[in-house]
Amino acid sequence: MILVLKQNAQQDKINKLIEDFHSKGFATNVSSGTSHTIIGLIGDTSKLNVDIVSSIEIVETVKRVSEPFKAVNRKMHPEDTIIDAGGVKIGEGLFSVIAGPCSVESEEQVIRIAESVKKSGAKLLRGGAFKPRTSPYAFQGLHADGLKLLLEAKKVTGLPIVSEIMNLNHIDLFADVDIVQVGARNMQNFDLLKQLGQSDKPVLLKRGLANTIEELLMSAEYIMSGGNQNVIFCERGIRTFETATRNTLDISAIPLIKQLSHLPVIVDPSHATGMRDLVQPLSRAAVAIGADGLIIEVHNDPANALCDGPQSLDLEQFDNAMKDITRRVEFENKIM
Ligand code: PEP
Ligand code: MN
C-alpha cells in the first residue's frame with residue numbers, strides 16, 4: 001500500500017504516522033521527494049481499510065500495490081536507489097564496471113589481473129572462490145583460500161571485491177567481501193536469500209537460467225523483506241532454443257526491470273554469450289539500453305584458464321573494450 005502525503009504535511013505528524021504503522025507490525029519505505037512524501041507500507045495490508053487510511057489528516061491519496069513484489073517495486077520508491085559497495089556507488093547516473101577472472105586461481109594471477117583491470121578503468125574486482133560447476137570433476141574453486149587471495153588483491157589495488165556465495169553456512173567467510181554474488185543457479189535458494197536479508201551487505205542477484213523477470217524480482221523481495229535494501233540485479237542471459245551462444249541475453253529485461261523496480265541493473269555479457277568476441281558488442285548494447293554497469297570476465301591467460309576461458313577477455317582486449325565502453329558511457333552522460 002502506498003500513501004502519498006499532503007504537500008504541507010508536518011514532519012512530526014509524518015514521524016508519528018510512521019511509528020503507528022511500525023507498532024502495527026508494518027515495515028515502511030519512506031521517499032521524500034521535492035513536493036510530496038511517499039510512505040510505502042510493507043506487510044499484510046489486506047486488513048487495512050483504504051477509506052480509513054485515506055481519512056488520516058496528512059494523507060492525500062492511498063493506492064494498493066497489486067504486484068506481489070513490494071519493497072522492490074518502483075511504486076514504493078519512485079527514485080532510483082544508489083548502492084554503495086565498498087565506497088563505489090552503483091546506480092542511476094553512474095556506470096560501474098566489475099571485471100576479473102571467473103575463478104581465483106593463484107595470488108600471482110588475481111593480483112596481475114586486478115592491477116591491469118584497474119588501470120583500464122574497472123571499479124570493482126570479481127573472482128570466484130566457490131564455483132558452481134556442471135561437472136563435479138571440473139575445478140571447484142579455491143574456496144576460503146580463494147577469498148583470502150581476493151582480499152589480498154583488494155589490499156594491493158584498493159578495488160572492492162565481488163564473489164559468489166553458494167552456501168548459507170559460508171556467510172562469515174564473506175565478511176570482508178564488498179558485494180556477495182548470488183549466482184544464477186542459486187537465484188531461488190530461498191534460505192540463502194533470507195540469510196542475506198539479515199545483513200546490509202550488497203548482493204548482486206543474478207537471474208536464473210530459466211527464471212522470469214517476476215521470479216527475479218520476487219527473489220530480491222526475499223532479501224529486502226529481511227531488511228537488506230542493497231540489491232543489484234544482473235541480467236546474464238537465459239536458456240532459449242538457441243545453441244549458438246551459451247545463453248541468450250534478454251536485452252529487454254534491462255529497461256523493463258528498471259521500470260518495475262528502483263534497484264540498479266547490470267549486465268553480464270560474458271555468461272550471456274560464452275564467446276569473447278561478443279562481449280564488447282553486448283557491452284555497447286548494455287550501455288545504450290540504460291544498464292547501470294557491467295560484469296566482465298577477464299583473464300591474463302584465457303587459453304589456460306581453469307574456468308570459462310572461451311568467454312574471457314585477455315588484459316589487452318579488456319583495455320580496448322573499456323576505451324570503447326567509456327566513450328559510449330560519456331555519450332549517455334553518465335559517470336564512470
Ligand atoms: C559466474 O559469475 O562466474 C557465474 C557462475 O555466473 P552465473 O551464475 O551467471 O552462471
Ligand atoms: Mn564464469
Side-chain angles (χ1 to χ4, degrees), residues 85 96-105 109-110 113 117 122 124-136 138-143 146-147 149-150 161-167 170 174 177-189 192-193 196 202-211 213 215-216 219-220 231-240 245-251 253-254 257 265-276 278-279 282-283 286 291 293-314 318:
S96 320
V97 178
I98 305 169
C102 179
S103 311
V104 176
E105 298 171 10
Q109 175 241 21
V110 72
I113 296 171
V117 297
L124 299 105
L125 174 69
R126 64 150 287 149
F130 295 90
K131 294 305 304 175
R133 304 302 301 274
T134 303
S135 166
F139 177 60
Q140 305 284 311
L142 296 179
H143 297 167
L147 289 179
L149 297 180
L150 209 51
I161 53 175
V162 183
S163 200
E164 177 168 355
I165 190 164
M166 287 170 54
N167 186 323
H170 290 161
F174 284 73
V177 172
D178 299 282
I179 301 184
V180 175
Q181 174 175 321
V182 173
R185 290 154 192 83
N186 273 306
M187 189 204 89
Q188 287 190 316
N189 182 339
L192 180 60
L193 300 176
L196 291 168
V203 177
L204 179 63
L205 180 63
K206 296 187 102 178
R207 181 172 177 185
L209 279 71
N211 285 110
I213 290 170
E215 286 165 346
L216 174 64
S219 289
V231 183
I232 303 158
F233 289 116
C234 179
E235 166 58 43
R236 46 76 74 205
I238 49 173
R239 276 278 167 88
T240 67
T245 48
R246 186 174 177 184
N247 292 289
T248 299
L249 183 68
D250 181 5
I251 196 85
I254 298 132
I257 295 169
V265 184
I266 70 163
V267 170
D268 176 347
S270 309
H271 292 89
T273 61
M275 296 157 86
R276 82 169 57 84
L278 298 185
V279 169
L282 289 197
S283 299
L294 290 161
I295 179 164
I296 297 179
E297 286 190 342
V298 181
H299 199 283
N300 55 320
D301 181 11
N304 290 301
L306 295 182
C307 185
D308 286 348
Q311 69 194 31
S312 300
L313 301 186
D314 69 22
F318 178 69

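Order of appearance sets the numbers: ligands from 1, and atoms from 1 within every ligand. Heavy atoms only: backbone and side chains are in, while hydrogens, waters and symmetry mates are out. Worth saying up front: this structure is predicted, and the values here are computed from it rather than measured.
For atom 5 (C) of ligand 1, the nearest protein heavy atom (residue, atom name, distance) is Glu164 OE1, 3.6 Å. The protein non-hydrogen atom at the shortest distance from atom 8 (O) of ligand 1 is Ala184 N, 2.7 Å. Ranking the protein heavy atoms by distance from atom 4 (C) of ligand 1 puts His271 NE2, 3.4 Å first. With hydrogens left out, the protein atom closest to atom 9 (O) of ligand 1 is Arg236 NE, 2.6 Å, a heavy atom. Annotation: atom 6 (O) of ligand 1 to nearest protein heavy atom, Lys206 NZ, 2.9 Å.
Asp308 is not listed as a side-chain neighbour of Ser270, based on a closest heavy-atom distance of 4.5 Å or more. Taking the side chain as every heavy atom from C-beta outward, Leu278 and Leu249 never approach each other to under 4.5 Å. Between Gln188 and Ser219, the closest side-chain pair of non-hydrogen atoms falls below 4.5 Å.
The pair Arg126-Glu297 meets the salt-bridge criterion, since a charged nitrogen lies less than 4.0 angstrom from a carboxylate oxygen.
Within 6.0 Å of CZ in Arg239 there are 12 or fewer heavy atoms belonging to other residues, nucleotides or ligands.
The atoms of ligand 1 that sit less than 4.0 Å from any heavy atom of Arg185 are 7 (P), 8 (O), 10 (O). When each atom of ligand 1 is checked for a heavy atom of Arg126 under 4.0 Å away, the hits are 1 (C), 2 (O), 3 (O). For ligand 1, the atoms sitting less than 4.0 Å from at least one non-hydrogen atom of Gly183 are 8 (O), numbered in the order shown with element in parentheses.
Between Asp308 atom OD2 and Glu297 atom OE2, the angle centred on the Mn ion (ligand 2) amounts to 130° (nearest 10°).
Ligand 1 lies within reach of Glu297, whose nearest heavy atom is under 4.0 Å from it. At least one heavy atom of Cys102 sits less than 4.0 Å from an atom of ligand 1.
Considering CD1 of Ile179 and OG of Ser96, their distance stands at 8.0 Å, rounded to 0.5 Å. Atoms CG and CZ, on Leu196 and Phe174 in that order, are 9.5 Å from each other to the nearest 0.5 Å. To the nearest 0.5 Å, the span separating CZ on Phe233 from CE on Met187 amounts to 9.5 Å.
Annotation for Gln311 and Met275: closest pair CB-N, 3.9 Å, computed over non-hydrogen atoms.
If you check each of Lys131, Glu235, Arg207, Arg133 against atom 3 (O) of ligand 1, the one with the closest non-hydrogen atom is Lys131.
Residue contacts to the Mn ion (ligand 2): Cys102 brings an N, O or S atom closer than 2.8 Å.
Considering backbone and side-chain atoms alike, Asp268 places every N or O at 3.5 Å or more from each N or O of ligand 1. On a distance-only criterion, Asp308 and ligand 1 share no N/O pair closer than 3.5 Å.
A side-chain donor-acceptor contact under 3.5 Å links Asn247 to the backbone of His271.
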